[in-house]
There are 2 protein chains.
Amino acid sequence: MSPLCYAGRVNASRTARERVRAELTREITEVARGQLATEGAGGLSLRAVAREMGMVSSAIYRYFPSRDDLLTALIVDGYNAIGEVAEQADATCPAGEYARRWLAVCRAIRDWALAHPHEYALVYGSPVPGYQAPQQTIGPAARAATVFGKIISDAWQAGALQPAGICPPPPESFAADAGALRELVLPGAPDDVIAAALGCWTALFGMISFELFGQFENVITDRAAFFAHTMACQGRLAGLPG
Amino acid sequence: MSPLCYAGRVNASRTARERVRAELTREITEVARGQLATEGAGGLSLRAVAREMGMVSSAIYRYFPSRDDLLTALIVDGYNAIGEVAEQADATCPAGEYARRWLAVCRAIRDWALAHPHEYALVYGSPVPGYQAPQQTIGPAARAATVFGKIISDAWQAGALQPAGICPPPPESFAADAGALRELVLPGAPDDVIAAALGCWTALFGMISFELFGQFENVITDRAAFFAHTMACQGRLAGLPG
DNA sequence: ACAAAACGAGAGCATCGCTCTTACAACTCA
DNA sequence: TGAGTTGTAAGAGCGATGCTCTCGTTTTGT
């Protein structure tokens, strides 16, 4: 009677069935990521994914209730991939060389974006369809930002931050947000440092998006060099020495 | 025999037919812009446009050979709209107050983007379909940039630019591009000023895109104030006093 | 007045996202 | 072991899309 008696068995069988389910779910996202890479987000089709897997289109809906849910899964994957390359790039640098860490992270994210343009567009480009802001994405989205936040707060706590001193103080309305950011990703940093860091962070993605979305066409030729230069400037604006 | 004999007539009759054609073309883009505003780029449908105009879908193809061509027309319109608000905002400021002009242009573009989010996404977001860089868009794209370039070069030529002095010199590979930009939109400015201005410009759109595409959700509450603050910092980085 | 070009309408093709029903397989549990 | 439950795949189908083609009609140029 009590379900607890069979708990072990239930779990075993569940994992038996859930295992193939998880495997199929993984394969769907993998095939979808392949289609995304070649066709872009607009060309991703559930029917084509099903076709490539030898399934019938309606079967996909057992795993993803709608096309948007598949896209959301890919978005989460994208955030995680960006977060991972950022973490790895940061880890290869000496902890005390903050500007170098910042540049390494910038470069890693840009390289990933250039290698996966459609995935980047899905994550940091315009929201695709009727869109929504799915809550599941906020966690993975913070992963890369956490890496950056640690660089800044490490530098701050080591007393290595050399503020440029050219910015006016941030608006009072920013204080509450700065407090939240200080707790999450920028421990110890004062408001003006947090504001500068946020500006830095958005400039990074503005740069990558401009390059990837064609705004630098016929404008900049050596984009890698210009990118590194601009990111170095932004890093200095945030106080990173070097 | 010679077509020149009938040049006047030909022109008159041509304008007779071409006038209704131009009018219909304009109406199509207008209806399409309405649909774009409510549904977004993904939901723009030639059939729906035709339906709203009382036409049959195939008739649209007499005016726009494909859906992408309609989108391209809307992109050109978007660039022009942004360029126009930038020009107007710049014109309302005293010519000598360069930082104020810069902030006014920033605010005007942001306001337009917030008022026309789907159009902004179409222009500065991820390229929609299999994408291409249509040549017809490069002219209108430069319109807003020209306004900004004039602010910087005006300030430079008036000797009012106060470089922050925190940036390393731009890479050598940037010299050629800087030369082209100097001729087009930044007359007289040296390479480092041009590089800083470009960084400024991309930071502006990075900021707007982050806000519009949801990256500031649960992060920044008073976005207008933070935007103005960050743009002021960026202006100072480019040397604008104020 | 007449040939050529432009045009709107309609039917049609392939494809899409998604729903519903049906048949089969695996699992549960007495 | 055998009956009942449940997850799954398959197929048909709906409404809609972008786009092509053909077929009369109108407008244009000579």
Side-chain angles (χ1 to χ4, degrees), chain A residues 1-25 27-28 32 35-36 39-73 128-132, chain B residues 1-25 27-28 32 35-36 39-74 128-131:
Chain A
M1 287 288 185
S2 161
L4 290 177
C5 319
Y6 295 94
R9 230 193 193 169
V10 166
N11 281 351
S13 60
R14 261 206 182 169
T15 51
R17 193 148 61 185
E18 291 273 329
R19 244 173 72 179
V20 54
R21 181 182 180 86
E23 173 59 24
L24 264 184
T25 306
E27 190 177 342
I28 290 175
Q35 300 228 342
L36 178 65
E39 309 266 352
L44 197 161
S45 127
L46 284 187
R47 292 182 113 111
V49 171
R51 218 176 298 134
E52 190 170 327
M53 295 181 59
M55 300 173 72
V56 96
S57 70
S58 58
I60 302 280
Y61 289 85
R62 297 276 171 192
Y63 300 89
F64 292 93
S66 83
R67 181 177 178 273
D68 285 10
D69 291 270
L70 217 191
L71 281 175
T72 300
V128 199
Y131 104 105
Q132 47 183 357
Chain B
M1 287 285 183
S2 159
L4 291 178
C5 321
Y6 296 94
R9 229 196 196 169
V10 166
N11 281 352
S13 59
R14 261 207 183 170
T15 50
R17 185 152 68 185
E18 291 274 329
R19 244 175 70 180
V20 55
R21 182 183 177 84
E23 172 59 25
L24 265 183
T25 306
E27 190 177 342
I28 290 175
Q35 302 228 342
L36 178 65
E39 310 265 352
L44 196 161
S45 128
L46 285 187
R47 292 184 113 110
V49 171
R51 218 176 298 134
E52 190 169 328
M53 295 181 60
M55 298 173 72
V56 96
S57 69
S58 58
I60 301 279
Y61 289 84
R62 299 276 178 198
Y63 301 88
F64 292 94
S66 83
R67 181 177 177 272
D68 285 10
D69 292 86
L70 217 191
L71 281 175
T72 300
L74 293 178
V128 199
Y131 104 105

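Chain naming here is simple, since letters A, B, ... match the order of the sequence lines and numbering starts at 1 in each.
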Would you say a side-chain N or O of A/R47 is under 4.0 Å from OP1 or OP2 of C/dG17? no
CG-CD1 distance between A/L70 and A/I28, expressed to the nearest 0.5 angstrom: 7.0 Å
Between A/S45 and C/dC16, does any side-chain N or O lie under 4.0 Å from OP1 or OP2? yes
note: B/L44, atom CG; D/dC19, atom P; distance rounded to Å ~ 11 Å
Let's see if you can work this out: which of D/dA9, C/dC18, D/dG18 has an atom nearest to the side-chain heavy atoms of B/L46? D/dG18
NA contact type, B/Y63, heavy-atom cut-off 4.0 Å: base, sugar-phosphate, or nothing? sugar-phosphate
Side-chain N or O of A/Y61 closer than 4.0 Å to phosphate OP1/OP2 of D/dA10: no
Pair A/R51-A/R47, side-chain contact (heavy atoms from CB on, under 4.5 Å): steps then yes or no: CA-CA 6 Å; A/R51 218 176 298 134; A/R47 292 182 113 111; 3.8 Å; yes
When you measure from the side chain of B/R67 to the backbone of B/L44, do you find a donor-acceptor pair of N or O atoms at a distance under 3.5 Å? yes
Over how many whole Å does the gap from B/R62 atom CZ to D/dT25 atom P extend? 16 Å
I need the CZ-C1' distance between B/R17 and D/dT25, as an integer number of Å. 13 Å
What nucleotide among D/dG18, C/dC18, C/dG10 has an atom nearest to a side-chain atom of B/S58? C/dG10
Between D/dG7 atom C1' and A/M55 atom CE, what is the distance in whole Å? 12 Å
So B/T72 and B/F64, side-chain contact (heavy atoms from CB on, under 4.5 Å) or not? Walk me through it. CA-CA 10 Å; B/T72 300; B/F64 292 94; over 6 Å; no
Rounding to a whole Å, what distance do you find between A/L70:CG and C/dG17:P? 10 Å
For atom CG of B/L71 and atom P of D/dC19, their distance in whole Å: 10 Å
Does A/L24 reach a base, just sugar-phosphate, or nothing at all? Heavy atoms under 4.0 Å. sugar-phosphate
Would you kindly give the CD1-to-P distance between A/I60 and C/dT15, to the nearest whole Å? 17 Å
Which is true for B/S57 with a 4.0 Å heavy-atom rule: it touches a base, it touches only sugar-phosphate, or it touches nothing? base
Let me know the distance between CZ of A/R19 and C1' of C/dC27, rounded to the nearest Å. 17 Å
Looking only at D/dC19, C/dC18, D/dA9, the nucleotide nearest the A/R67 side chain is C/dC18
B/D69 and B/S66 side chains, donor-acceptor separation under 3.5 Å: yes
